[in-house]
Amino acid sequence: MIREPLLNSNPRGGIRALFFIIANEALERLASFGLSTNMILYLTGDYGMDAADGAQLLFFYSAAASFLPILGAFLADTYVGRYRMIGFGCFASVLGMVLLWLTTIIREAGASTCSQFSGICNNDVTTPQLLLLYSSLGLMSIGAGGIRSSSLAFGADQLSKRDNLKHAGIFESFFSWYYVTSSASVFIAMTCIVYLQDSMGWKVGFAVPVVLMMLSTLSFFVASPIYVKSKAKANWLIGFAHVLVASFRKRSIELSSHHRDEVYHNRKGSALVVPSETLRFLNKACVIKNPEEDLMPDGRASDPWSLCTVDEVEELKALIKVIPIWSTGILMSVNVCQNSFLILQASTMDRHITSKFEIPAGSFYAFLLLSSTIWIALYDRAIIPLASKVMGKPTRLGLKQRIGIGILLSSASMTVLAITERIRRETAIREGISDIPDAVMHMSAMWLLPFYFLLGFAEAMNGVAQNEFYYTELPKSMSSVASNLVGIALSAASLVASFIVSIVRGFVSGENQENWISSNINKGHYDYYYWLLASLGFCNFIYYLACGKAYGPCKGEGRGIAADDRGGLIDDDDNYSS
């Protein structure tokens, strides 16, 4: 019988630790998204904010919750460690959610009941009440930054410091199921918790996320004795600065075509002896010109701004190398940012499931989460086992293959959406309601499901593979930052999507010509806009092929992914604490 090394080679870490980490992240997302999804109604109804002010407040909250994981990742990697960062995030989230819940149950803490969207309240909202509201949202943002910044990388740490894995399946399955549980949590939050808030009120609707966040914290700390806890390393940003400055100072050095002609500074115990040939000008930073002047008696560099180790040079190269492939994820994520236009489409279509039940237009985005979750499960538990059985050997798609398939499928999904929009628009014109933008036509909103089906498949392939790609290719000292690169791409995609809309709105204008993105969806040409996105997506796929070819093979290709095998980009003397 084959015994799983993750469960037997060391009492710490392994698969059993992953369950608690994934549960912590899933419950946190369930709680936070359960609060934020319906928050606009609470702000307009109980605090008397108008829709614009409420939306602006939630925008700042969302922006903070998206940015702080990047800051948290940096602090976790360089100063406090991932375990402490997640623990801090748990306490901050619990405190923030408790404060928000208190605004619903303590008269002096919360605002008086107001008429929704009217801004008419029984009493004016006081400054302390607003400060309490802002504090609760701020603490929730900080908590999200602490947990989401380090959860994925901390889970991957549990597969480190083990015997090499026999195959890539365990590592890949962890990333897949992490993505599945996160998506499923958001889906449940957008449906079940929102329903509780609408039907049972804010006291119960806000109390449920508080309980969930407490369970999230408990699930994390209860497994503390079995975690592998890697200590924070030196500041990698300073290390990168060392390399850039040292290579500039030594710009006059002529590198020979043979590594043996130079003497390089190596980190003690490192597997890297000589630097790679890519970005060769950076190799000057680790060349020893005069051992007596450049090195101290213990072997360290006398001036790190003039001499770096081969590892530091290769770490900077690794980050620079992934940037082109990372950039391809920005344009793909633009397609995911089109939800507001999709709501306009769905609102004009027949959304009835039965004669009495109608799906809200804003809930159709949940089909994307549901689709991606189903596809990940099918890929991991059905498609790959079946393919391996047919081929007669373990078979898996490579990371770059899956990223490329996701980009191509994303472009295809926009093509499907463009065709659907053309049919919807022609139906509106045929039924004589083109001048009534909010009229509902005799066309089922289920026509939108093929788009969500394809885009969900694209997200399942690309999203999981990107996370795994960054974690595998970047040095271990940057694991938390690597796990947040997809989030950074999503933030950049929002800006790019806004820029594209601005260009499109200014492209077609005139007295007799409606803009593609018109306020009257029946008069505009949203189908042209979607065709533009589909074309950009296909161009992005061609760009990705070029980036993938230039990048070369991934470090895990052809031999499975070993949790600590990153081409020598990690220390052999990693420090761990219990």
Side-chain angles (χ1 to χ4, degrees), residues 17 19-39 42-43 57-58 60-62 64-69 71-73 75-76 80-106 108-110 128-152 154-155 178 181-182 184-186 188-190 192-194 196-197 200-225 227 229 480:
F19 290 115
F20 296 95
I21 296 171
I22 291 177
N24 167 256
E25 170 75 2
L27 289 171
E28 185 275 332
R29 285 183 179 269
L30 184 58
S32 60
F33 279 91
L35 287 173
S36 61
T37 300
N38 226 17
M39 182 66 68
Y42 182 60
L43 297 178
L57 176 59
L58 293 180
F60 285 122
Y61 165 71
S62 177
S66 299
F67 171 76
L68 288 176
L71 178 61
L75 293 175
V80 301
R82 299 180 191 112
Y83 174 78
R84 291 179 179 177
M85 180 56 65
I86 297 175
F88 170 75
C90 288
F91 286 120
S93 291
V94 169
L95 180 58
M97 292 181 186
V98 168
L99 290 179
L100 186 61
W101 178 52
L102 288 177
T103 65
T104 68
I105 62 175
I106 300 178
E108 292 75 12
Q129 289 171 341
L130 287 176
L131 287 177
L132 182 61
L133 175 67
Y134 298 156
S135 298
S136 65
L137 295 176
L139 285 169
M140 288 165 56
S141 299
I142 294 172
I147 297 173
R148 299 175 195 175
S149 66
S150 304
S151 186
L152 183 62
F154 187 63
Y178 182 94
T181 53
S182 297
S185 298
V186 177
I188 295 172
M190 294 173 64
C192 298
I193 295 183
V194 169
L196 285 176
Q197 292 168 354
M200 303 185 70
W202 300 117
K203 292 182 181 179
V204 175
F206 283 4
V208 171
V210 170
V211 174
L212 291 173
M213 193 60 233
M214 289 180 175
L215 290 176
S216 173
T217 304
L218 179 63
S219 70
F220 178 73
F221 284 107
V222 73
S224 181
Y227 290 144
K229 305 168 188 173
S480 295

TODO: Find the distance between CE (Met140) and CG (Leu100) and round it off to the nearest 0.5 Å.
DONE: 6.0 Å

- [ ] Kindly give the heavy-atom pair with the smallest separation between Phe221 and Tyr83, and that separation in Å.
- [x] CD2-OH, 3.6 Å

TODO: Sort and list the pairs that fulfil side chain to side chain donor-acceptor pair (under 3.5 Å) and have at least one residue in residues 131-147, not counting sequence neighbours.
DONE: none

TODO: Decide yes or no for Phe206 and Ile105: does some side-chain heavy atom of the first lie under 4.5 Å from some side-chain heavy atom of the second?
DONE: no

TODO: Check whether any side-chain heavy atom of Met214 sits under 4.5 Å from a side-chain heavy atom of Val98, and report yes or no.
DONE: yes

TODO: Calculate, to the nearest 0.5 Å, the distance between atoms CZ and CG belonging to Arg82 and Leu152 respectively.
DONE: 10.0 Å

TODO: Would you check if the side chain of Thr104 reaches a backbone N or O of Trp101 as a donor-acceptor pair within less than 3.5 Å?
DONE: yes

TODO: Quick one: pull up OG in Ser216 and CD in Glu28 and give me the separation to the nearest 0.5 Å.
DONE: 6.5 Å

Open item on the list: Working to the nearest 0.5 angstrom, can you tell me the gap between Leu215 CG and Asn24 CG?
Closed with: 11.0 Å

Task: Taking every non-hydrogen atom, the tightest pair across Ala31 and Pro209 - done: CB-O, 3.4 Å

Task: Ile147 side chain near Glu25 side chain, heavy-atom distance below 4.5 Å - done: yes

Task: Shortest non-hydrogen contact from Phe220 toward Phe154 - done: CE1-CE2, 3.8 Å

Task: Whether Ser185 side chain and Leu30 backbone form a donor-acceptor pair below 3.5 Å - done: no

Task: Intermediate values then yes/no, side chain to side chain contact (heavy atoms under 4.5 Å, CB included), Leu68 and Leu71 - done: CA-CA 5 Å; Leu68 288 176; Leu71 178 61; 4.1 Å; yes

- [ ] Begin from the C-alpha positions of Leu133 and Leu43 and carry the test side chain to side chain contact (heavy atoms under 4.5 Å, CB included) through to its verdict.
- [x] CA-CA 10 Å; Leu133 175 67; Leu43 297 178; 3.7 Å; yes

Side-chain donor-acceptor pairs of residues 86-95 under 3.5 Å, sequence neighbours excluded:
unit_1	atom_1	unit_2	atom_2	d
Ser93	OG	Gly89	O	3.0

Task: Any Lys229 side-chain heavy atom under 4.5 Å of Ser224 side chain - done: yes

Open item on the list: Phe33 vs Ile193, test: side chain to side chain contact (heavy atoms under 4.5 Å, CB included). Steps then yes/no.
Closed with: CA-CA 9 Å; Phe33 279 91; Ile193 295 183; over 6 Å; no

Task: Met97 vs Ser32 side-chain heavy atoms within contact, under 4.5 Å - done: yes

Open item on the list: If I take atom OG1 from residue Thr103 and atom OH from residue Tyr42, how far apart are they, to the nearest 0.5 angstrom?
Closed with: 3.0 Å

Open item on the list: I need the minimum non-hydrogen distance between Ala144 and Pro69, along with the two atoms involved.
Closed with: O-CG, 4.1 Å

TODO: For residues Gly145 and Ser149, report the shortest heavy-atom separation together with the two atoms involved.
DONE: O-OG, 2.7 Å

- [ ] Of all the heavy-atom pairs spanning Leu27 and Ser219, show the shortest one and how long it is.
- [x] CD1-OG, 4.5 Å

